[in-house]
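Structure record follows, encoded as structure tokens.
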Amino acid sequence: MTGTLLAALAAGGALLTAAGYALGRLAALRAGRDRLDLGTPVERATFHTLHTASLAAPPLRAGLTEDTARKAARRLRPLLGTEALALTDRTAVLAWDGSGAHHADQVMERVAEVLETGRGQSLRAACEDPDCPLRWVVIAPLTGEEGVAGALVAYGSHESAVLVRAATEVARWVSVQLELAELDLSRTRLIEAEIRALRAQISPHFVYNSLAAIASFVRTDPERARELLLEFADFTRYSFRRHGDFTRLADELRSIEQYLALAGARFGDRLQVTLQIAPEVLPVTLPFLCLQPLVENAVKHGLEDSRTTCRITIAAQDAGAEAVVTIEDDGVGMDPAVLRAILAGEHPRASGIGLPNVDERLRQAYGDDYGLVVETGVDAGMKVTVRIPKYRAGVHPDAP
């Protein structure tokens with residue numbers, strides 16, 4: 001990841017240098033009109049380059065599709081100052097911006113060698129229309145983690161070494177954005193895989209113990225056995241739902257109550273739970289299966305690793321623009337050094353991926369400022385704090 005970010009910075013610098021010729025020329029033409037503007041023509045050209053690049057980046061960070069290529073192409077062509085620009089993948093032209101659209105039918109033939117070799121080309125456009133302004137074409141490869149993903153094709157009115165360099169550097173910058181998009185996709189797939197692993201983790205151990213506890217009440221207290229079966233059915237339905245990255249705090253807490261009811265049937269009076277929930281935070285959205293692993297961890301370290309009574313306190317409080325959820329137990333606790341290794345995935349106990357998974361998903365959804373805060377010590381219990389913004393663009397609860 002660090003190497004990719006350094007490459008992004010390097011490509012950004014090269015992009016500035018290469019694109020400056022077009023924007024510097026534009027700034028010079030507008031010098032008379034812009035005399036009252038702040039900054040020199042070079043400074044204004046630099047700002048315009050950065051601004052244009054910033055507008056082209058978001059579509060590309062979503063990957064290379066017809067829609068993202070179309071949005072990016074109309075930003076990249078002014079950056080290069082060319083008469084026309086096309087973006088392709090390995091099979092088709094995804095976007096064309098500018099004049100001379102009749103050249104689009106020949107693009108894939110021209111880029112075939114570049115897609116095969118990964119080396120850029122500069123050649124005549126070979127157009128028979130005497131009025132067509134497209135006389136020269138520069139083709140630069142777009143690369144990703146798996147090799148050449150497509151091509152940037154820039155058309156000009158004449159041969160230009162500066163255009164060759166500019167198109168090459170812009171293509172490198174686009175490639176960095178595409179690689180970052182691939183990293184985002186890989187990260188998302190990893191998170192989804194870990195959610196599936198969390199579900200699988202719930203399945204064998206918890207299901208067996210819950211059914212065994214329910215079975216113990218079938219003869220002695222049939223009504224309680226029936227209630228526990230309903231709780232078990234609702235809990236598993238929620239935990240194993242097939243879609244949705246986010247849920248409401250109310251739904252997550254309801255699932256936790258069901259989990260604790262089943263755990264209480266197993267441990268009896270040894271498990272003592274206190275809930276302190278502010279009603280105003282119940283609609284807040286948070287990552288699906290975000291709190292249940294933390295409660296399961298509290299039960300495990302409070303009861304399964306100890307023979308004494310365990311007290312667990314779950315609180316959800318209103319904190320202005322955020323909801324603050326704390327899960328605290330008075331169990332055996334943990335060496336802070338071991339905890340840090342678990343969160344970093346560097347300790348054998350991290351094979352139980354609950355804490356690292358929750359921490360990573362919180363950071364992915366809300367930023368690094370919203371990771372787990374854990375207070376613990378050997379024989380000192382554990383307190384986990386989760387801060388959740390009440391509103392974040394793109395974060396909304398999914399239908400169950």
Side-chain angles (χ1 to χ4, degrees), residues 7-29 41-42 45-46 48-50 52-53 55-57 60 64 69 72-90 93-129 132-144 147-179:
L9 292 174
L15 173 64
L16 250 173
T17 301
Y21 88 99
L23 295 172
R25 182 175 58 189
L26 181 63
L29 292 174
V42 173
T46 298
H48 193 77
T49 300
L50 291 172
T52 304
L55 294 176
L60 295 169
L64 193 59
R74 69 169 181 255
R75 303 295 184 184
L76 296 176
R77 187 172 71 85
L79 196 64
L80 287 170
T82 58
E83 282 73 12
L85 183 138
L87 293 174
T88 83
D89 60 13
R90 293 192 62 86
V93 177
L94 300 178
W96 179 280
D97 189 79
S99 58
H102 56 279
H103 284 267
D105 296 334
Q106 307 168 358
V107 167
M108 293 313 297
E109 295 179 9
R110 293 187 174 278
V111 304
E113 184 176 344
V114 173
L115 295 176
E116 181 67 25
T117 64
R119 294 191 296 270
Q121 290 185 348
S122 176
L123 60 157
R124 294 187 181 279
C127 182
E128 297 179 358
D129 183 355
C132 180
L134 309 187
R135 294 300 171 187
W136 202 264
V137 57
V138 177
I139 306 171
L142 302 176
T143 58
V148 180
L152 181 148
V153 187
Y155 285 85
S157 58
H158 60 279
E159 183 178 3
S160 170
V162 177
L163 176 58
V164 172
R165 181 180 177 186
T168 301
E169 297 301 340
V170 169
R172 289 177 181 172
W173 178 81
V174 172
S175 297
V176 170
Q177 306 309 309
L178 296 178
E179 289 180 12

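Residue indices begin at 1 and follow the sequence shown. Here the structure is a predicted model, which means the values were calculated and not measured.
- Pairing each heavy atom of A72 with each of L87, the nearest pair is CB-CD1, 4.3 Å.
- Pairs passing the salt bridge (charged side-chain N to carboxylate O under 4.0 Å, His left out) check and including a residue from residues 74-85, sequence neighbours excluded, read R77-D97.
- Qualifying side-chain contact (heavy atoms from CB on, under 4.5 Å) partners for A140, counting only residues two or more places apart in sequence or in other chains: A171.
- Nearest heavy-atom pair across P141 and G118 is CG-O, 3.3 Å.
- The backbone N or O of L163 sits less than 3.5 Å from a side-chain atom of S160, completing a donor-acceptor pair.
- For the side-chain contact (heavy atoms from CB on, under 4.5 Å) test, residues two or more places apart in sequence or in another chain that qualify with R90 are L115, V148.
- With sequence neighbours left out, the side chain to side chain donor-acceptor pair (under 3.5 Å) criterion links S122 to W136.
- Here the straight-line distance linking atom CG of L134 with atom NE2 of H158 works out to 13.0 Å at 0.5 Å rounding.
- The heavy-atom pair separating L60 from L178 by the smallest distance is O-CD2, 3.8 Å.
- To the nearest 0.5 angstrom, I139 atom CD1 is 6.5 Å from Y155 atom OH.
- Here CG of L152 is found 6.5 Å from CG of L80. Values are rounded to the nearest 0.5 Å.
- Under the ring pair (Phe, Tyr, Trp, His ring centres under 6.0 Å) criterion, no residue pair touches residues 105-125, with sequence neighbours excluded.
- For D89, the side-chain contact (heavy atoms from CB on, under 4.5 Å) partners are L64, T91, A92, L94, not counting sequence neighbours.
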Taking distance alone, no hydrogens or angles, what donor-acceptor pairs closer than 3.5 Å link side-chain atoms of residues 102-113 to residues at least two apart or in another chain?
residue, atom, partner, partner atom, Å
R110, NH1, R124, O, 3.3
R110, NH2, A125, O, 2.6
E113, OE1, Q121, NE2, 3.0
E113, OE2, Q121, NE2, 3.3

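- Closest approach of W96 and A86 over heavy atoms only: CE3-CB, 3.7 Å.
- Across all non-hydrogen atoms, the minimal contact from S175 to T143 is OG-N, 2.9 Å.
- Taking each heavy atom of A84 and S99 in turn, the nearest pair found is CB-O, 3.4 Å.
- Of the possible polar contacts, none joining the R119 side chain to the E116 backbone as a donor-acceptor pair under 3.5 Å is found.
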